[in-house]
S.K.: 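To start, I am sharing the structure in question, which I have written as structure tokens.
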Amino acid sequence: MQRIAIVAGSSRTDSQTAKVAAFIRQTLISTHNLDAEAVSVIDLGKGPLPLWPSEEDSRWPEYEAQLSAADAAIILAPEWHGMACPAIKNFFLYASKAQLAHKPAMLGAISASVGGAFPISELRASSYKNCRLCYIPEHLIVRDVNHVMNGETPESQADERLRQRLDYNLDVLLHYTRALASIRPLIDMSNPAFANGMS
């Protein structure tokens with residue numbers, strides 16, 4: 001059984017990013033036939049992580065277990081001032097190869113307007129380096145987020161097109177998930193000389 005962890009990387013409670021995460025979870029269950037217990041959501045707005053490094057109690061052990069059990073991830077990042085927001089960047093300070101190495105992931109960016117490209121570029125450039133997460137070539141940009149993915153029926157042609165793109169991307173992600181499952185056990189991640197990715 002394939003297991004997917006969706007990370008909703010907004011600092012806000014009841015965020016549009018969390019709404020998109022819930023929509024994607026339901027799509028994986030209803031359209032791509034995953035079991036409900038196989039798709040988990042990590043909502044950084046409802047369960048924030050302290051700024052790393054921190055001695056404070058946090059939700060990280062719970063999130064660590066979800067990520068370790070997952071075969072793939074979906075990373076959703078809202079765009080704030082042309083950047084990936086602090087919550088998702090902080091998440092990648094916690095996440096390591098122990099949880100994410102050589103697992104496929106789909107990136108998604110969330111914008112209330114017509115933006116969203118910058119978080120994709122930013123996270124592709126740096127977030128994978130030490131955790132060894134493998135981003136698939138496809139990504140999703142959810143623009144005008146308040147008016148899309150709000151129910152079973154699309155509200156517009158743009159909403160319909162976005163849902164079609166999501167279905168396509170999820171299909172690609174699930175193929176990568178099956179393919180990389182056999183590769184991960186073959187890779188030795190214990191060599192201390194290569195503990196971090198090369199810069």
Side-chain angles (χ1 to χ4, degrees), residues 2-29 32 34 36-52 54 58-80 83-112 116-142 145 149 166 169-170 172-174 176-177 180 184:
Q2 295 177 308
R3 304 185 70 87
I4 311 291
I6 304 171
V7 182
S10 176
S11 302
R12 296 176 176 156
T13 57
D14 299 318
S15 67
Q16 289 293 311
T17 304
K19 177 196 81 173
V20 172
F23 186 91
I24 292 174
R25 180 180 185 273
Q26 187 55 46
T27 301
L28 282 165
I29 294 165
H32 297 272
L34 269 67
E37 63 271 13
V39 187
S40 63
V41 174
I42 295 171
D43 186 345
L44 298 178
K46 289 186 176 172
L49 291 168
L51 287 178
W52 185 90
S54 176
S58 79
R59 302 285 293 271
W60 180 247
E62 174 190 341
Y63 297 163
E64 183 178 25
Q66 286 177 260
L67 295 167
S68 295
D71 300 300
I74 296 171
I75 307 296
L76 301 176
E79 184 175 70
W80 288 10
M83 298 178 285
C85 79
I88 196 68
K89 297 289 282 186
N90 188 47
F91 167 83
F92 280 107
L93 296 178
Y94 281 84
S96 74
K97 63 185 179 183
Q99 300 88 41
L100 297 177
H102 307 292
K103 293 181 181 182
M106 183 189 80
L107 270 172
I110 315 300
S111 174
F118 290 124
I120 298 291
S121 178
E122 183 179 350
L123 293 175
R124 279 195 189 278
S126 63
S127 64
Y128 73 94
K129 184 179 88 70
N130 288 342
C131 68
R132 307 314 212 282
L133 192 60
C134 296
Y135 289 122
I136 65 171
E138 303 297 335
H139 58 257
L140 192 72
I141 300 178
V142 181
V145 67
M149 297 181 168
L166 172 63
N169 287 9
L170 292 177
V172 172
L173 177 65
L174 292 172
Y176 271 82
T177 303
L180 289 183
R184 283 197 306 277

S.K.: At their closest point, which heavy atom of D71 faces which heavy atom of P104, and how far apart are they?
M.R.: O-CD, 3.4 Å
S.K.: Give me each pair satisfying side chain to side chain donor-acceptor pair (under 3.5 Å) with a member in residues 38-50, each pair once, sequence neighbours excluded.
M.R.: S40-Q66
S.K.: If the test is side chain to side chain contact (heavy atoms under 4.5 Å, CB included), which one of I4, L166, I29 qualifies with I24?
M.R.: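 Option passing the side chain to side chain contact (heavy atoms under 4.5 Å, CB included) with I24: L166.
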S.K.: Evaluate whether atom OH of Y135 has more than 12 neighbouring non-hydrogen atoms of other residues, nucleotides or ligands under 6.0 angstrom away.
M.R.: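 Result for OH/Y135: enclosed.
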S.K.: For the SG atom of C134 and the CG atom of L180, what is their distance to the nearest 0.5 Å?
M.R.: 5.5 Å
S.K.: Less than 4.5 Å apart, side chain to side chain, heavy atoms only: is that true for W80 and S11?
M.R.: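 Of all side-chain heavy-atom pairs linking S11 with W80, at least one is under 4.5 Å.
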S.K.: Which pair of heavy atoms, one from A112 and one from V145, lies closest together, and at what distance?
M.R.: CA-CG1, 4.0 Å
S.K.: Looking at every heavy atom in both M106 and L173, which two are closest together, and how far apart are they?
M.R.: N-CD1, 4.0 Å
S.K.: Minimum heavy-atom separation for Q99 and S68, please, with both atom names.
M.R.: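 Residues Q99 and S68, closest heavy atoms: CG-OG, 3.6 Å.
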S.K.: Less than 4.5 Å apart, any side-chain heavy atom of L123 and any of K89?
M.R.: yes
S.K.: Under the salt bridge (Lys or Arg N to Asp or Glu O under 4.0 Å) test, which residues partner E64, sequence neighbours left out?
M.R.: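 If we apply the salt bridge (Lys or Arg N to Asp or Glu O under 4.0 Å) test to E64, skipping adjacent residues, there are no hits.
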S.K.: Any side-chain to backbone donor/acceptor pair from R25 onto A36? Under 3.5 Å, distance only.
M.R.: yes
S.K.: What heavy-atom pair brings A38 and Q2 nearest, and what distance separates the two atoms?
M.R.: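 Smallest interatomic distance, heavy atoms only, reads CB-O, 3.3 Å.
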S.K.: Kindly say whether F91 contributes a backbone atom to a donor-acceptor pair with the side chain of Y63 at under 3.5 angstrom?
M.R.: no
S.K.: What pair of heavy atoms forms the shortest contact from A117 to I141, and how long is it?
M.R.: CA-CD1, 3.9 Å
S.K.: Should we count CZ of R12 as having more than 12 external heavy atoms under 6.0 Å?
M.R.: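 No - once you tally the heavy atoms of other residues, nucleotides and ligands closer than 6.0 Å, there are 12 at most.
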S.K.: Can a donor-acceptor pair be found, under 3.5 Å and without considering hydrogens, that links the side chain of N130 to the backbone of S96?
M.R.: no
S.K.: Tell me whether R132 contacts the main-chain N or O of K97 through its side chain, where contact means a donor paired with an acceptor under 3.5 Å.
M.R.: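 Not confirmed, R132 side chain does not pair with K97 backbone.
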